[in-house]
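Quantities reported herein were computed from a predicted structural model and do not represent experimental measurements.
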Amino acid sequence: MNWITLRSIDQLEAIRNNPEQTYIIFKHSTRCPVSGMAKRNIEYTSPPVPDDITLYFLDLIAFREISNAIAEWWGIKHESPQLLLIKGDQCIYHASHSDIDMEVLLQQLA
């Protein structure tokens, strides 16, 4: 997977202000084994993500303020790990912990 590291509020604002594009954000705690397992499952067992969807990776330890902004802007409770499908100011789908399943997320695109 070609992750783009989410490192700034400016990147997050660009996501929120672009309703024409669909984004996936994976919120990952580098200290959590459950999060590590979810990341491996996404990367190695998930179906391919369409080319027109941008994938973002958020390191929660390094950039917690971005996760806080996600919770505030999209009304999604902070959890880790967490997978979000975002289009503009709408969170179309989100899952956390053992409910993370890229195939289920991709079904939301249909």
Side-chain angles (χ1 to χ4, degrees):
M1 297 209 154
N2 294 319
W3 299 106
I4 297 171
T5 302
L6 190 51
R7 297 180 179 181
S8 74
I9 295 294
D10 289 342
Q11 284 176 292
L12 197 60
E13 286 178 351
I15 291 168
R16 184 171 70 163
N17 293 325
N18 186 359
E20 302 303 316
Q21 176 69 36
T22 303
Y23 302 91
I24 293 172
I25 300 174
F26 178 64
K27 295 169 45 179
H28 172 65
S29 172
T30 55
R31 296 180 187 159
C32 174
V34 172
S35 193
M37 186 169 36
K39 184 176 183 284
R40 278 189 301 281
N41 286 343
I42 289 170
E43 291 179 329
Y44 298 111
T45 65
S46 295
V49 174
D51 291 336
D52 61 334
I53 296 178
T54 305
L55 295 161
Y56 280 97
F57 173 86
L58 175 59
D59 177 343
L60 294 172
I61 304 303
F63 301 103
R64 177 58 192 258
E65 72 280 2
I66 297 174
S67 181
N68 292 343
I70 289 170
E72 179 182 335
W73 294 354
W74 283 284
I76 304 298
K77 177 184 172 194
H78 165 81
E79 296 196 59
S80 167
Q82 193 169 45
L83 189 65
L84 307 135
L85 181 62
I86 303 288
K87 190 161 188 165
D89 62 357
Q90 295 183 352
C91 179
I92 299 167
Y93 173 85
H94 64 93
S96 60
H97 300 94
S98 62
D99 291 333
I100 290 175
D101 186 329
M102 185 66 82
E103 188 171 352
V104 173
L105 178 143
L106 293 173
Q107 289 172 359
Q108 307 306 307
L109 299 172

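For D59, there are no side chain to side chain donor-acceptor pair (under 3.5 Å) partners two or more places apart in sequence or in a different chain. The side chain to side chain donor-acceptor pair (under 3.5 Å) test applied to Y56 returns no partner, not counting sequence neighbours. Listed by chain and number, the residues in a side chain to side chain contact (heavy atoms under 4.5 Å, CB included) with S98 amount to none (sequence neighbours excluded). Annotation: side chain to side chain contact (heavy atoms under 4.5 Å, CB included) contacts of D101 (sequence neighbours excluded): E103, V104.
By the neighbour-count criterion of 12 heavy atoms within 6.0 Å, atom CG of D51 is sparsely surrounded, having that number or fewer from other residues, nucleotides or ligands. The number of heavy-atom neighbours closer than 6.0 Å to CZ of R7, taken from other residues, nucleotides and ligands shown, is 12 or below.
Within the model, atoms CD1 of I4 and CG of L58 stand 13.0 Å from one another, a figure rounded to the nearest 0.5 Å. Here the CG-CG distance, from D10 to L12, works out to 9.5 Å after rounding to the nearest 0.5 Å. The distance from the NZ atom of K27 to the CD1 atom of I76 is 8.5 Å, given to the nearest 0.5 Å. To the nearest 0.5 Å, the span separating CZ on R64 from OG on S29 amounts to 9.5 Å. Here the CG-CZ distance, from N68 to F63, works out to 13.5 Å after rounding to the nearest 0.5 Å. The distance from the NZ atom of K39 to the OG1 atom of T30 is 10.5 Å, given to the nearest 0.5 Å.
When hydrophobic clusters are built by joining Ile, Leu, Val, Met, Phe, Trp and Tyr residues whose side-chain heavy atoms come closer than 4.5 Å, directly or via intermediates, F26 is grouped together with L105. Under the 4.5 Å side-chain contact rule for hydrophobic residues, L6 and I100 do not share a cluster. A continuous path of hydrophobic side-chain contacts links L83 to L109 [ILVMFWY only; heavy atoms under 4.5 Å]. Linking Ile, Leu, Val, Met, Phe, Trp and Tyr whenever their side-chain heavy atoms come within less than 4.5 Å leaves L84 and W3 in two separate clusters. One hydrophobic cluster, built from ILVMFWY side chains closer than 4.5 Å, holds both I66 and W74.
Between the side chain of N18 and the backbone N or O of A14 there is no donor-acceptor pair closer than 3.5 Å. A donor-acceptor contact shorter than 3.5 Å links the side chain of Q11 to the backbone of S8. Q21 places a side-chain N or O within 3.5 Å of a backbone atom of D52 that can act as its donor or acceptor partner.
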I'd like a table of donor-acceptor pairs (distance under 3.5 Å, sequence neighbours excluded) in which one partner is a side-chain atom from residues 86-97, with atom names and distances.
{"unit_1": "S96", "atom_1": "OG", "unit_2": "E79", "atom_2": "OE1", "d": "3.1"}
{"unit_1": "H97", "atom_1": "ND1", "unit_2": "E79", "atom_2": "OE1", "d": "3.3"}
{"unit_1": "H97", "atom_1": "NE2", "unit_2": "S80", "atom_2": "O", "d": "3.0"}

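With V49 as the fixed residue, the side chain to side chain contact (heavy atoms under 4.5 Å, CB included) test singles out one of N2, I24, T22, T54: I24.
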Apply the test side-chain contact (heavy atoms from CB on, under 4.5 Å) to residues H78 and L60: give CA-CA distance (whole Å), side-chain angles for both, the deciding distance (0.1 Å), then the verdict.
CA-CA 10 Å; H78 165 81; L60 294 172; 3.9 Å; yes
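Counting side-chain heavy-atom gaps under 4.5 Å among Ile, Leu, Val, Met, Phe, Trp and Tyr, I61 is found in no cluster with other residues.
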